[in-house]
Q: 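First the structure, then my questions, so here it is.
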Amino acid sequence: MYDVSMVMGSVSDWKTMVKGAELLKELQVRHDVRVVSAHRTPERLHAYATALGQQGEKVVIAAAGGSAHLAGMVAAYTCLPVIGVPMVSSFQDGLDSLLSMVNMPAGVPVATMAVGEAGATNAALLAAAIVALSDEPLKQRLQAWRQKQTDNVALRPPQ
């Protein structure tokens with residue numbers, strides 16, 4: 001049983017997405033992590049996306065680089081919220097991934113985060129916030145995490 005399903009287009013995306021997975025673990029959000037390529041494993045994509053929700057998933061985080069079709073293809077198969085994380089790529093430092101992911105046609109929404117690690121972190125936080133809408137203990141953990149972030153901001157720089 002998982003609340004969040006995290007999927008990435010390549011094993012190489014893990015070095016970025018691990019930040020989001022670690023944050024989900026810290027917040028005690030049940031999650032699963034998979035590798036599914038929209039182009040290289042289309043049957044796996046179909047099986048994965050059409051089964052979403054059967055393990056209790058409420059949100060999907062989909063990360064991909066280059067043409068970054070994974071998030072959009074997952075969104076085409078499910079009514080669950082899909083949060084896209086564009087990966088840094090060798091072409092234009094991920095701008096191609098961002099533009100591809102954010103340019104979804106009307107009717108197939110993907111909530112797209114920033115490119116790279118910041119996007120992975122924010123995707124995890126957004127997924128946790130969505131799950132927290134119906135999970136009061138998670139809502140409290142998320143509020144405490146955010147308060148800790150606030151408390152860690154110094155009033156003045158060190159002298």
Side-chain angles (χ1 to χ4, degrees), residues 1-89 94 96-143 145-146:
M1 190 92 173
Y2 306 106
D3 291 318
V4 176
S5 181
M6 181 182 287
V7 63
M8 60 204 78
S10 173
V11 171
S12 64
D13 298 333
W14 180 241
K15 65 182 178 287
T16 300
M17 295 309 296
V18 69
K19 301 293 184 189
E22 288 170 349
L23 182 51
L24 290 172
K25 185 176 181 179
E26 179 182 342
L27 292 169
Q28 300 171 39
V29 176
R30 297 173 303 187
H31 63 284
D32 182 40
V33 180
R34 307 246 182 127
V35 176
V36 177
S37 171
H39 302 109
R40 292 171 296 189
T41 63
E43 292 86 9
R44 188 185 305 173
L45 168 67
H46 180 265
Y48 165 80
T50 57
L52 282 166
Q54 293 177 10
Q55 295 293 318
E57 302 95 341
K58 296 174 181 72
V59 185
V60 180
I61 298 172
S67 62
H69 290 150
L70 181 59
M73 289 302 298
V74 170
Y77 281 111
T78 185
C79 290
L80 294 177
V82 176
I83 304 168
V85 181
M87 295 288 99
V88 174
S89 62
D96 55 333
S97 308
L98 174 65
L99 293 176
S100 179
M101 198 174 285
V102 79
N103 194 30
M104 291 300 301
V108 187
V110 172
T112 305
M113 300 290 106
V115 175
E117 287 185 10
T121 298
N122 285 338
L125 289 170
L126 180 56
I130 292 169
V131 174
L133 290 171
S134 60
D135 184 334
E136 187 61 32
L138 174 56
K139 181 179 178 182
Q140 292 172 9
R141 291 191 303 273
L142 185 57
Q143 287 172 332
W145 187 92
R146 291 185 65 145

Q: Under a 4.5 Å cut-off applied to non-hydrogen side-chain atoms, are M104 and P109 in contact?
A: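 Side chain of M104 against side chain of P109, heavy atoms only: no contact under 4.5 Å found.
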
Q: With side-chain contact (heavy atoms from CB on, under 4.5 Å) as the test, would you mind laying out the steps for M8 and V33 before giving the verdict?
A: CA-CA 8 Å; M8 60 204 78; V33 180; 3.4 Å; yes

Q: When you compare the side chain of H39 with that of S67, does any pair of heavy atoms fall below 4.5 Å?
A: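 They are in side-chain contact.
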
Q: Taking the side chain as every heavy atom from C-beta outward, state whether D3 and I130 have any pair of such atoms under 4.5 Å apart.
A: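 D3 vs I130: side chains apart.
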
Q: Whether the side chain of T121 engages the backbone of G20 through a donor-acceptor N/O pair (distance < 3.5 Å, no angle test) should be reported.
A: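 Checked: no pair found.
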
Q: List the atom of G66, the atom of S89, and the distance in Å for their closest heavy-atom pair.
A: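 Looking at all heavy atoms of both residues, the shortest contact is N-CB, 4.1 Å.
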
Q: Between V60 and L52, is any pair of side-chain heavy atoms under 4.5 Å apart?
A: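 Yes; the side chains approach each other to less than 4.5 Å.
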
Q: Looking at every heavy atom in both V110 and A75, which two are closest together, and how far apart are they?
A: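 Nearest pair, atom of V110 first, then A75: CG2-CB, 3.8 Å.
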
Q: Is the shortest side-chain heavy-atom distance between E26 and R141 below 4.5 Å?
A: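 Not touching, per the 4.5 Å side-chain cut-off.
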
Q: Going by the rule side chain to side chain donor-acceptor pair (under 3.5 Å), which residues pair with D32 if we only count those two or more places apart in sequence or in a different chain?
A: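 Only R34 meet the side chain to side chain donor-acceptor pair (under 3.5 Å) criterion with D32.
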
Q: Looking at side-chain heavy atoms only, is the closest gap between M101 and V85 below 4.5 Å?
A: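 Side-chain contact under 4.5 Å: no.
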
Q: On a heavy-atom basis, which atom in G53 and which in L80 lie closest, and how many Å separate them?
A: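 Minimum heavy-atom separation between G53 and L80: N-CD1, 4.0 Å.
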
Q: Start with the C-alpha distance between L24 and M6, add both sets of side-chain angles, then the distance that settles side-chain contact (heavy atoms from CB on, under 4.5 Å), and finish with yes or no.
A: CA-CA 10 Å; L24 290 172; M6 181 182 287; 4.0 Å; yes

Q: Is there a side-chain contact between E57 and T78, using heavy atoms and a 4.5 Å cut-off?
A: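 With C-beta onward as the side chain, the pair stays apart.
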
Q: In Å, rounded to the nearest 0.5 Å, how long is the span from CG of L138 to CD of E136?
A: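 Answer rounded to 0.5 Å: 9.5 Å.
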
Q: Classify the side-chain pair Y48/T41 by whether it contains a donor and acceptor separated by less than 3.5 Å.
A: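 No, T41 and Y48 have no side-chain donor paired with an acceptor closer than 3.5 Å.
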
Q: Which atom names give the shortest non-hydrogen contact between V115 and G94, and what distance separates them?
A: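 Reported closest heavy-atom pair: CG2-O, 3.8 Å.
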
Q: Roughly how far, to the nearest 0.5 Å, is the CG atom of L45 from the OH atom of Y77?
A: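 Going from the OH atom of Y77 to the CG atom of L45 covers 6.0 Å.
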
Q: Quick check: closest heavy atoms across M113 and L98, and the distance to 0.1 Å?
A: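 So the minimum-distance heavy-atom pair works out to O-CD1, 3.9 Å.
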
Q: Taking the side chain as every heavy atom from C-beta outward, state whether V29 and L23 have any pair of such atoms under 4.5 Å apart.
A: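 When only atoms from C-beta onward are counted, L23 and V29 do not touch, as no gap falls below 4.5 Å.
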
Q: Kindly determine whether M17 and M87 satisfy side-chain contact (heavy atoms from CB on, under 4.5 Å), including the steps that lead there.
A: CA-CA 9 Å; M17 295 309 296; M87 295 288 99; 3.6 Å; yes

Q: If I take atom CD from residue E117 and atom NZ from residue K15, how far apart are they, to the nearest 0.5 angstrom?
A: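 Interatomic distance, E117 CD to K15 NZ, rounded to 0.5 Å: 10.0 Å.
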
Q: Supply the atom-to-atom distance S100 OG to L70 CG, rounded to the nearest 0.5 angstrom.
A: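 It is 11.0 Å, given to the nearest 0.5 Å.
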
Q: On a heavy-atom basis, which atom in A114 and which in P86 lie closest, and how many Å separate them?
A: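 Taking A114 first and P86 second, the nearest heavy atoms are O-CD, 3.5 Å.
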
Q: Just do the side-chain contact (heavy atoms from CB on, under 4.5 Å) check on V35 and D13 with the steps written out, would you?
A: CA-CA 9 Å; V35 176; D13 298 333; over 6 Å; no

Q: Which value, rounded to the nearest 0.5 Å, describes the distance between L125 atom CG and R146 atom CZ?
A: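 If we round to the nearest 0.5 Å, L125:CG and R146:CZ are 7.0 Å apart.
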
